[in-house]
Structure formats: C-alpha cells, structure tokens
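Here the structure comes first, spelled out in structure tokens, and everything after it is commentary.
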Amino acid sequence: MKKYEIEIDGQVYHVKVRELPDDAVMTEQPKAGSSKHVADSATQTEGKTMLAPMAGTILRILVKEGQRVKKGENLIVLEAMKMENEIVADEDGVIRSILVKANDSVESDQPLLIL
C-alpha cells in the first residue's frame, strides 16, 4: 500500500492506495454518507472524523446516526489481533454519519464515523 497526499480546492487529504490485480472485480460505488473511505470535503468540515486506531474488523456499532453521545461513550467495537477494542467518543457531540458497518475490514486511520 502506498501513501499519497492530494490537494483538492485548497484542502489537503492523505490517502492510501492499494494496487489490485487485473482480474479483480470492482464493486458498486458506495452511496454518499455510507462510504468506508473519506467523506467529501463538505461533510469533513461539518464534524470530527473518528479514525480506526489500527487495522481490524468492525464487530459492533453501538450508536446510530443522529444519536447524542458523551465524551468517553463507546461508539464501535473493533477486533484486532484477537482483541476487542472499544472506540470511544473523545468529545460530546451528535453522530452525523457512520461510515462503516459490522463485519467490515478496516485499515489503520480509516474514517469510521463523523461526530
């Protein structure tokens, strides 16, 4: 996997790119607001993006879009290296968008939700 920095309309984004084999099947493009990857810049500026601290698998999502959460509240359970890791809110807020679903594999620093 290679890391790149791109700039769009003055906004800098860090992306990871993985090369796929020529015979890889491309999946349907995700709908806005449900992407596993970085949301568009308008959404990015409206809230704080919570990132995966490590690569793993999403076991459970403990919140819903529109739900109010308090600092320290559990949001997502991520399994990595056979351990369950709780992703917690680092500030009070409202869940604006959930970018992953149960059983998704995620990379380190991949956006999980927008608070």
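Keep in mind that what you see is a predicted model, and the values were worked out from it rather than measured.
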Considering all heavy atoms of both residues, which atom of [X] and which atom of [Y] are nearest to each other, and what is their separation?
X: Leu78; Y: Gly56; result: CD1-C, 3.7 Å
X: Pro53; Y: Ser108; result: O-OG, 3.7 Å
X: Thr57; Y: Ser105; result: OG1-OG, 4.2 Å
X: Lys71; Y: Asp92; result: N-OD1, 2.6 Å
X: Glu107; Y: Ala52; result: O-CB, 3.5 Å

| Same apolar cluster: Leu59 and Leu75, side chain cutoff 4.5 Å | no
Within-4.5 Å side-chain heavy-atom neighbours: [X] and [Y]:
X: Met50; Y: Asp90; result: yes
X: Leu112; Y: Ile61; result: no
X: Ile95; Y: Leu115; result: yes

Nearest 0.5 angstrom please: [X] [atom1] to [Y] [atom2], how far?
X: Ile114; Y: Ile98; atom1: CD1; atom2: CD1; answer: 11.0 Å
X: Lys48; Y: Leu51; atom1: NZ; atom2: CG; answer: 9.0 Å
X: Glu73; Y: Gln67; atom1: CD; atom2: CD; answer: 6.0 Å

| query | Looking at Leu62, Val100, Val106, which hits side chain to side chain contact (heavy atoms under 4.5 Å, CB included) with Ile76? | reply | Val100
| note | Applying side-chain hydrogen bond (donor to acceptor under 3.5 Å, both in side chains) to Asn85 and not counting sequence neighbours gives none
